[in-house]
Structures are given as structure tokens and as C-alpha cells.
**Q** 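Just passing along the structure, written as C-alpha cells.
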Amino acid sequence: MLLKFSRFQNFAHRAMQKIALLGFAVLSLGLVSELSFGQPIEQERKLARLEATYISHLSKYIQWDDNSSGSSLKIIIHGDDRVKFKDTLEYVMKISSPELALEILEFSNKQTDKALLEINKGFNCLILLQNSSMNAEQLSGMEKLGVVIVHGKKLFKSSNSQIAFEHAQNRVRLLIDRDSIGEKRNQISSKLADLKSAVKVINKSR
Amino acid sequence: MTFLRKILSITVLFVLFFANFLSYADELSNFEKAELKRLLELDIDDLAEQPVQGVLGYDQEYWRNPASVHVIQPNDITDFGFANSVEALRAVPGMHVSRGLAYDNFAAMRNFSGFSPQKFLGKIGGREVSQLMLGSANYSVDDYPVSVIDRIEIVRGPGASIWGTNAVNGVINLVTKHSSDTQGDSFRFLVQDNGTFMGDYVHGGQVSDNSYYRLWVRDQEYAEGTLDSGLPARDNGYLRKAGFRFDKELNSDLNFYIAGVLATRRLEHTLDLSNRLLYDLGSLPAASQLQLKTLLGFDPQTNLSPVPLSIVQGLRVAGIPPFATQAQVQALLPEPSLLTYNPLTWANIGTGTVPFQNFSISRFEQYGDLTNDSGHVIAKLDGITESDLEWSLTGAVEHTEISLGHIGFDWDQTQYDLGFDANRPLGDFHRLSFGLAVRRTELDVTTEVIEPFAYSSLKNLSLLSNPTNLALPSSYSDSTPILSYDDEFTNFDRLSAYLQDSISLTDSIEVSIGTKFEENDLAGTGFQPGVRASWLANDSNVFWAGYSKAHRQPSLRERYTTLTPAKVWIPNPLLPGGGVWSNIQFEGDESLDREEIDAYEIGWRSRPDENLLIELSSYYYDTKNAVLASQTSVNAYEAKDAKSYGGELSIDWDISSVWNLRGGYSLARGEIEGERNYDFPEQTASLTSRFAYSDNLTLVQSLYYSDETQIPSDYNPITIPSHLRLDLGIVWEPRDGWEIGLFGRDLLEPYHVETMFPGIDVEPARVERTFLLSIYKKF
């Protein structure tokens, strides 16, 4: 492959050594500082922006139960928010639905007990962040109080949550439980099922 | 230079030192707010098309990007009535787009590109497009219908550690859409008042739940333009293309696509031969030379050089009144015998006169077919593993057949590419990008002698040094082409690998460091390292700086071709026939080394609020072995040291919810061995406005300014005056997905000239005031 008559040919071996050395140095730098693989913070911020925008769109496809006075919306966020998800959601909701009275409450994993107390008082939307410590058992019955949004197909299938964010092929899309579409409480519009790119309707009862 | 380095070093140290004392704002930054506004404008289905992570770690939050980046969206093309993506580059600060003839727009970036797109890297539809012969790409031929274009990223400055060789002045990366995003039918028709027409049609469909396809065709018919002198430009012709793409989701984390394009273009092109048939006054007997100098009022010490034969013929007819009669001049300047060359052929290609210094000379133009037939297939497999390793494997084959009929030079190029790219997070703060690629290029070159030069001549002037050569038949040839290629060099291999780590040092500082390694038959073996950093100083200001070492490989034309641009008559009364014809020849230079550029860049990006974005970037390039046309050497090209520096300012302002203004200014200066170079406009500026008069009616306006440029030439260098261009347009959306646009272009003057082909002295064509109607049906 290398050029026969290249006057640089003699350097090829040394060059490969150098690039291997650089690779080793960079890898060492990464491995010393971080022993586990994970998402860089920048990517998490990007996800947060996309998901918040999804939720602002979703809120228009859901006929919210009037469980509080007037046109207001109570959103509870659970998990360790290190990418300003609450601020992001608040900003997009204010722009997209300025007329809506918005109450967004946020609880870290350490505040799970407080979160459960608040959840039991009722909500429109409960959002579990990707690192939320809540499991399917804890979520049981919450779907009757409002719309529960989780992350990942696994928790979505094992819980009664109605909606999930799924990350696949470098994209984010929504998974929606077919049974929740058209339900009487917090009715999710069937129009969502027509959004082929953004929404995948899952029949969890099968 | 040393001073600049010091400034850069101090800035970087300052940034690294003080950044730790500044906390990242708790609230959303103006950059984030602006990005959220952009996302909110998308349909929910479009959100699913937003990539989560970037292309090889490059697509960071764009405001954190430690480089000067500009992105053109498809509506930037259609809203302003641009026919293709090259025209849309006009509004990018730091780029200079000019039009020579009807069919081609030339794009150059920053300085030292000169006229052609030789010094930036083009990636179109996933392929690196380049013709090794000329070291450039033809973006008109490689263009796509606008409805399949996802975006065009313009990275100013070398991004060599990822992109590699030839990304010297920057990178243009045209990204096409996934087939699932082009479902249904779309078409776009454009008609210009001079008859130029372009139409494309795209159809997309679904094969199964997880596989999609699209097919498209395009026809572009160029109407004939007018040369600056008012003569017809003979630049009419056509470009026809067809393409396909098939995408299949193999499983939830594995994608495959295959795409291909066929293109054919037929045009005429010309070679100016006005200064190609010469008469060497310096070979006249000494007494004749002295007499001639006296008659013409030249200093006796002046060295007489070759002049166009038509000057001599003119003097022989008119004499030099009142000093010499016709008979005296004819005795002084004996004409070559009509039997020694082919005067009838020359008479047939005569097209009037053209200025030459203080004279007017006969104009000769050799027209020939300029054809380009090409096809390629590209296939890509990509996926993301559970550990977030994003990877792709790409293979491509491309075959191109190009014929420059006007000079008798044809080549076929076949390229095979295979590349693996990947990136993965490494902990919370690192993203590692790496890749490996191989490319093989095969060439088949054929040449022929054009008719005006098909007569016996000495092979080159050096044979005159030994009088015995004149008696040897082997010293003569009647089949020396204008451009000949050394057939020893027809296969070229390139192996490259890169590694880059993007590190989030703190919430506000990101650094990327990496290098590309290449073993390249044309550029040798070498590393192209780069280090870049960005600092989010507060919620509305980002500073960035970068250093890159970049390489450019000399083109095959520069290395392995021999140019025989002219023939000269050497008068010698001792020889039968009164003299001898000889070729004038310039050889390519096999020893030309790769160009090496040390590039220093610094930039500032500011969002005082979410509706206003200001970007400022500055650069300094120090180039060793810049390959430039030779003025003194026996070779056609020679390597010189060059410097270029400048900067760009751009502003994007949403004045209100219905009015957007964008402005750009660029300053670019270049020096070759200390002397200023003016083949690139020192200053360019643009101002574009988009005003939504109502929900379905948008008014657009563009104003472009370009400074004076000087186009080098063998005998007729021209100055392109500075010019201002005003375009106005109105876009009406009669119903969802339909756009009808009416545009007036170059409205300030009936015409101006923008460029000409340097070296071959084609008279520039007028860029005329035109009106254009477009009908666009989106998917």
C-alpha cells in the first residue's frame, strides 16, 4: 500500500509508532480520569433540550384532566438534574404555551420520599430523568394520577408508564402505550400515532 | 509572526487560567435559549431527525465549536433563488463566489485559493470529491437537488486532524437526507429570462417497515451568454443527472444505505491562441534588432522578446510610418514561409482582435467539446453499540471521464474508497474520535494535438543550443500536444488514520486535540496535528482558538504534465526557409513537495440575547512550498513561501418575529515572498434580509460587495473591478409545501464581470442582470 519510491517511506514505521504512542497517551488520559464509559455532559444537555421540546409538543396532544384550578399544569421531575432540565422545560413551556399556569417541581434521587408524597397529591405529568432511581414497582398506580414519562424501553415495558423516550440510531423518539391513547383520564390524542418518525406505538398488553 | 504566536499563547493561557474562577451560569445561556427557539419551530416529527451526537465528535453544541463554522440550510438556497448550492456560498463570510461562464460558479475560501476551489476539501453526499489531475472539484456537477440536501456545513480554516490533506483553507460538507425524510414527490423548476432552465424531480417511497428509497433526476440547460466584448460566449450546453438512495434499518442500532449518481455534461470551451503563435524578435540579426528598436523608439539596450506573429504581420502590411515603408519593414522582419505552418487553419479560428500591450493583435480561439461523464456508488453501514460507540463503515467507487477537447487532453479517473470512522464517550468528559481510510486512484490519460499546432517544430527551445540538432529529424515533431502527461504515474494510494480527543475540562472549557496521519503517494508521509479550545466565558460569550498543521498535495497537473502552450518562429537567414519553428515548453515539477500550512485561528462568538448572534474570527496562515504558477522557472510551477491573514465578522439578527437580517464582512490579505497578492478580493461583504410580510409571503433582499481582484494571465492580465450586487425576491406560499418565487438578480447594473479562467486567457463573460421564476414543491 505504501508508495514504493516515496522518499518518506523510511518514516512510515516511525510514524506508526508515534500515532500509537499518541493513542496510548490519549486513552490513558481518559482512563485515568474516568474509569467508566458514559455520555459526555454536552450530549446530555442536547438530549435535555430535545426532550423538553418533545414535552412542549406533547402537552398539546394531551387533554389534561382538570385536577387543579383553571388552565394550569403541574409537572414533577424526578432524578439528579445536572443539565438544567427543569430550567429548559420551563423555558420551552413558557414560550410554547404562555397562557398556561405552570408549576414544575423537581426532586433529586435523595428526595425520593418527598417526591412520592407530592406525586400522591396528584400531578399532570411525572417525568423520570434517565438517572431516576424510581423503579417499576414504585411507579405502580401512578398512571392513574397523571401521565408518566420514563426513559428506555425496558422501564417502559415493565411499568405502567404511558410514554417513554427512546434513544436509538442517534435519534430520540417517543414510545407510547397503545392502551393509553384515548383513555378517559389525561386523554392522549390518537393523532400522535400518525407521527411515524417521532412516535412508535407499543402494545404493552401483548 | 513571533508576535502573533505570543499573543495566541498568552490568550490560551489566560483562558485556561481564569476560566476556573468563573462559574458556569446557573440559568440557561442565550445560546441555549436560541437553540431551544430553533427546536420549537420544528414539527414534532422533525425532532426525531435531530442527531443526538455529532458527526465524529465535531457537531458539538454549535456555539461551543472551536472553529469558524457556517451552516446553510436548504431554505437559504430556495428563499434567495439560488439555483444550486455553490451559488448559496455567496452569503458565507470568507468565501468568494464568482461566475466565469454560464455553467460554472467558482468558489474560493479565505486567501490563497486564487480562482479555483483547489485549497479546500469538498465532501458531498459522504464522498470526498476531488479530481487529482487539477486538484479541485466541480461543485456544479456534484450538486444535489435541494430537497434532498439536509445541510451544508462550511468550516473555515483547516480541520486537518479529522479531515486531512487538502482541508487547507477549509471544508465544505454537503450532507444529504435519509430516504425516510424524502417520502412522496418533490420538484423544483427554475426559469431565467435568458432561457437558462433547471428542473429536478425527486420521488421517495417505502419498501417495507424499515426500508425506504428515493429516485431523482435533474436537467440543467444553460443559455448562451455574452463575453465582455459583446461577442457570443458559446457557453450554452446541458448537465443531466440521475440518482438514487436506499436506506434500510437492519436492527434498532444498525443502519445501511446505498446511493449512486450518474451525471453527464456537454459544453463547449475555448483556448485563446492569440498569444500562442509567436515571432522571436530577439533571434533577428543584431543589426536588424538595432534598426527595429530605433524605429519603434525603444532603448538600444532593450532585450527584444517573442511577440505574437500577428504583430509582425501587421507591421509588414502597414509599415512603421513615417519612419519605415512597407518594403523596409518586410525586409527587416522576414515572415515565415506559408509552407512551414498551417496559416489557413489559423485564419479559420480568427475572431477579430484583442489588445496586447500597446498593440492590437489578431484574436484566435480554439473551441472544443468540454465533456464530463461520471458515476459513483457509495454504501455505508453505521450503528451505535450499547457502550455508545458510534461507528460507520463506508465504501465508494467513482468513475469519471473528462475531456478538454479545446486543448486535446482527456482523462478517466477511477477511485475506490474504504473508510472506518468511530467515536465514543470516554467517561463524562471525553469523546474520542478515530478512524482509518484507504483510497486508490487509477488514471488513464490520452492526448491529441489540436489542429492549429499540428505541424512540424523543434521539440523545445533547448535544442537550439546545439546547431547540429537542427539537422536531426529526431529533433522535430508534429505531434506535441499542448498538455502531455507522464504515463509512469497513473496509480495513487493513500492511507490515513486519525485520533482526536474532545475534552470537557470544565463546564465552560472544551479542548480537542488530535492528529491525522497520512501515507500519500502525492503528499508523502506526515502528521497533521491540531489543537482547539473553546471557553464559554459567560452565558452569552464564547471565545475559541486553534492551531492546525495542514497539508495540500500538489495536483497531477502541477507535477506530471508538460505544457506546450505556444510555438515560436526563430528567424535565421542561414536556415532553409529563413528560420525554424520551435515549441515553447514548461515541464511539471516532480520534485514539488506538499504544501505545509501552519494555521493559527482565534474567534469570539456572542449572543447578547437570543435574537442576536455575532461572530468574529481571525486567522494567520504561514505556508511553506505554496505551489504557484512560475514566472521565471523553466517549470510551469514553483514552490514559494506565502502568508495570508484576515478575519470574518458575521451577524445574524432576528429583529422581530417576522424580520431577520444577516450580515457578513471578510478581510483577506495574502503575500507571496513578501509581495502582496490580489487574486482574491481583500474585502467582501454581504447583507441579506428576510421579511415575512404575511404568513405566506416573504420578501428577500441580498446585497453583496466584492473588492477588486487581479486575474493573472500569460499576456493579458485583467483587473476585475469591485462590484456591488443587489438581488431582490418575493416568495409566495400558495398552500402548504408549495413555494413560488420571483427574483431579480444583479439589479444595480446591466452587467459586470466577476472572473476569467487564469492562464488560458478566456475572455470573461458578462454576469448580466437576470430575472428568475422558481416553483418548488417540497415533500
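Chain letters run A, B, ... following the sequence lines, proteins first and then strands; every chain starts at 1. Note that these values count all heavy atoms, side chains included, but never hydrogens, waters or copies made by symmetry.
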**Q** Between B/Asp421 and B/Tyr498, do the side chains contain an N or O donor and an N or O acceptor separated by less than 3.5 Å?
**A**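 On atom types as modelled, these side chains qualify, holding a pair under 3.5 Å.
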
**Q** Is the distance between the ring centroids of A/His78 and A/Phe107 under 6.0 Å?
**A** no

**Q** Tell me every residue that passes ring-ring contact (aromatic ring centres under 6.0 Å, His included) with B/Tyr560, counting only those two or more places apart in sequence or in another chain.
**A** B/Phe489

**Q** Chain B heavy atoms under 4.5 Å from A/Thr53: which part of the residue, side chain, backbone, both or neither?
**A**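 Looking at A/Thr53, backbone and side chain both touch chain B.
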
**Q** Using non-hydrogen atoms and a 4.5 Å limit, figure out which bit of A/Tyr54 sits close to chain B: side chain, backbone, both or neither.
**A**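 Both parts, heavy atoms under 4.5 Å.
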
**Q** Given that the side chain runs from C-beta out, which part of B/Glu41 has a heavy atom under 4.5 Å from chain A: side chain, backbone, both or neither?
**A** neither

**Q** Report the residues that fulfil side-chain contact (heavy atoms from CB on, under 4.5 Å) with B/Asp609, sequence neighbours left out, ordered by chain and then residue number.
**A** B/Asn611, B/Leu612

